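What follows is one structure encoded as structure tokens, with my remarks underneath.
Here the structure is a predicted model, which is why all the values come from computation and not from measurement. Lettering of chains follows the sequences in order, A, B, ..., and the numbering in each one begins at 1.
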Number of protein chains: 2
Amino acid sequence: MKKEIKLQVIAVNFPFIKISLGRDVLELFIFASSIQIMAQKPSIPKGTRDFSPLEVQRRQYIMNIIKRHFELYGFMPIETPSFENSDTLMGKYGEEGDRLIFKILNSGEYLKKADANLLETGKENQLTSQISEKALRYDLTVPFARYVVQNQNDITFPFKRFQMQNVWRADRPQKGRFREFTQCDADVVGSDSLLQEVELIQLYDAVFTDLKLTGCTIKINNRKVLAGIAEVMDAEDKLIDFTVALDKLDKIGKDKVQEEMRSKGIDQEAIDVLDPVFSLSGSYADKIASMKDLLKESQIGLQGIEELEFINSFIDDTALKSAVLDLDITLARGLNYYTGCIFEVAAPDGVEMGSIGGGGRYDDLTGIFGLKNVSGVGISFGLDRIYLVIEQLGLFPDSVRAGVEVLFINFGVTEARYCAGLLSRFRESGIKTELYPDSAKMKKQMSYADRNEIPYVILAGEDEIASGKLNLKNMRTGEQSLLTVQEVIERLR
Amino acid sequence: MKKEIKLQVIAVNFPFIKISLGRDVLELFIFASSIQIMAQKPSIPKGTRDFSPLEVQRRQYIMNIIKRHFELYGFMPIETPSFENSDTLMGKYGEEGDRLIFKILNSGEYLKKADANLLETGKENQLTSQISEKALRYDLTVPFARYVVQNQNDITFPFKRFQMQNVWRADRPQKGRFREFTQCDADVVGSDSLLQEVELIQLYDAVFTDLKLTGCTIKINNRKVLAGIAEVMDAEDKLIDFTVALDKLDKIGKDKVQEEMRSKGIDQEAIDVLDPVFSLSGSYADKIASMKDLLKESQIGLQGIEELEFINSFIDDTALKSAVLDLDITLARGLNYYTGCIFEVAAPDGVEMGSIGGGGRYDDLTGIFGLKNVSGVGISFGLDRIYLVIEQLGLFPDSVRAGVEVLFINFGVTEARYCAGLLSRFRESGIKTELYPDSAKMKKQMSYADRNEIPYVILAGEDEIASGKLNLKNMRTGEQSLLTVQEVIERLR
């Protein structure tokens, strides 16, 4: 019968260790080999992910398609550092955004600069700026604005850039929301032409069509229309409250939206003015007609409507391949910097997922960094959500998983030496080739090929080497063929 | 004549502002429109970089070549999160490494968990673990070890993975050393076959040859040989001091190395034993012969020599394309986890740059995370330094800069509408195509094409549209041709 003994380690000074056992204290001499430091059970921070080979390949499949279309549309790649000076990022995403930015602790004696009072009173907000000067990128747009201002003398405007990099947010993780995720952005700055909006809508359509993600809805709205509605409601001072409430229409319904507006101090008369917006339906053109009527007294509202009309006339001419452009007057999008058209892409019907892309026009993003009067417009692809949608719909092509094509079986040093000489020839012919590293049992080597889904193995034992040929085995059919090296290379290529 | 007045702002409470002017204090009412908050002069943290389109394209050119060879050699991609739990990283890179790891401040009320005493006494080291639980990746090897242990049940061993991601170090920036840089690693775990070392040497050679970086030296040594030397010197307890000193031989010379050894308490008799190492010369085989003699009494030393001999016999058989394999007994490499062969790649002669790659065998890297007896070996490519070397030698192909191929000139809305319909056709044919967004002056549009090095522009004005043709202008020669759409597409493709 085993008895459990509770003991406590008091001190460790190898090879001696002092323990207390009940009321006794014992000093023990430990053989080095019997000590094993408790291994950590490894894990990763919540909201982050490891990507397996298949996942990396699938992500690259998506990114390559997005990148190819970015380039076809004339965008050029840039990259910015993962962390920026805190003052570049802070205050650009609202109070909530500031909270969600990951801050990096200063190196070395970071407390030296800290105000002792703040430490004592536990005021994190004020202390943070004293012990942290850098922060992880929160999106790609603000760093891009910073880039444009900093490099304005080297840039030819209009400047069309794309950027595919990770961003980090200390958000509560949930389905399709991670603390590290990848954004793929395309923006144009230095042109206020609405043709940019047209091109970006076509770009969305081209990418999603190529990804076989047909039936996406590209929702469009215009901040000027929202401002116009606020104007005719005589509630300009409540613009944000009103758009936040309106944005929830498809989630909570008309009654609850009206209730929220009332609770924010918007009076019933104003809400009644809004009534046509709640019952808006029909085609893009129908909605435009209704809105024109509603906004007839608002100059800014009509300007927004005109922009939406112009864009739609171009899209009509050059029909979209598989996506649908839908005017959604309730679309608001959170970020403060948008001033004109705004976009959001919804996955095909039947897939529950937040927006898989979004963007819009901002008239003065670079102003915060000192470069005024530069209009910009851009869109973003949410790689991680697009991945989940494609996975859910089973739309990843089988060809995406492209591993080793042929494995040389290892029969021993002599044979391996012979094979090693051939490996380069195979690889120079573009064939992904491996030699099993040990002369392990045949069964083990074959099982390695199986598990890694390697379609062919080559058996080059004593006999084959003598005959100057290779035995090529098709792992799917089991068929074996005795071929010259050149014949094998040609068959595999 | 203007007079400069010095005033001092005492308090700001918009729209009122209190200033002192000489001995007077004035309270002013400020019109909102006259206030302009001073724009930040944007900058990026030291040791980090923005990458322009050309730089991104050049980096991708290098990465694509590395990636292609990784795949040809049978490695599969994985990716790990940018930040890990601190305890995954801390203590793995020595004390210096711990200091250089970027720590991420906890979100929210991070001071709540902090010990008030530590705050008062300013003890950063102990406080850090209380206010920071995550840290940025310092290299790719430790996260890889963590990945292997965490996913050991899903992995088929030997597991060959590659990983191309950024790492971050709070190091003092200097030429070729950045605080954020990209590593490209290939490792095999679960096989102690020396064929892996052979393959990795060939992989280095294949990549650098493909990058036209001929004449690189792949230095090789073996930690067992270093242990053997320490043994025959009777200085096993001074192994680290002795290798650190020896590693500096080509920088500071024999005398200074000996001096450093003496200062570390290694006696003259032991240093004399080392003499053949200082005068080692000749071919790989010559050096092996000398070392065999020196290490004849050391079992571990001879084992190391045997490994180096075996590897060289394979490399002899399958000659390297352009690199040279050189046995460098002074090579030590800092990281503690290496136990067998170690590698380091030096740029071609005449280029001053630290090593552009390195790696080695580690017998128990995953042990720290609880998975024992898994041998691994890997190499790393230092992308940023390779970039600098290729740039210095002028070896980037011109084709790397691949921007827009054709620009449609914008003559106005009607013409733009006509062109917009053609853009998709061009893009579907794989031609990178742009329409100038505004009907700006011809000169401005042409200058845009020039500055962006766009080789062709298309002029489709009223006449061309009427004739159903396009006017294609070659920007280099100035030649213009009136062609059908299909003819233009064929010429550009």
Side chain / backbone / both / neither for [X] at chain B, heavy atoms under 4.5 Å:
| X | answer |
| --- | --- |
| A/Leu54 | neither |
| A/Val198 | neither |
| A/Lys67 | side chain |
| A/Ser107 | side chain |
| A/Ser43 | both |
| A/Ser424 | side chain |
| A/Glu109 | both |
| A/Gln196 | side chain |

Given that the side chain runs from C-beta out, which part of [X] has a heavy atom under 4.5 Å from chain A: side chain, backbone, both or neither?
| X | answer |
| --- | --- |
| B/Glu199 | side chain |
| B/Asn106 | neither |
| B/Arg417 | both |
| B/Ile104 | both |
| B/Lys134 | side chain |

Fill in the blank from the handout: For B/Asp438, the salt bridge (Lys or Arg N to Asp or Glu O under 4.0 Å) test, sequence neighbours excluded, returns none
Practice task
May I ask you to check whether B/Thr182 and B/Gln165 show a side-chain donor-acceptor distance below 3.5 Å?
Solution key: no
Problem - Centroid-centroid distance, B/Phe162 to B/Phe70, less than 6.0 Å - result: yes
Problem - Top contributor to chain B interface from A/Ala440, A/Ser193, A/Pro437 [non-hydrogen pairs under 4.5 Å] - result: A/Pro437
Handout entry: Which of A/Lys444, A/Arg179, A/Glu428 touches chain B most, by non-hydrogen pairs under 4.5 Å
Key = A/Glu428
Problem - Partners passing side chain to side chain donor-acceptor pair (under 3.5 Å) against A/Thr128 (at least two apart in sequence or in another chain) - result: B/Tyr110
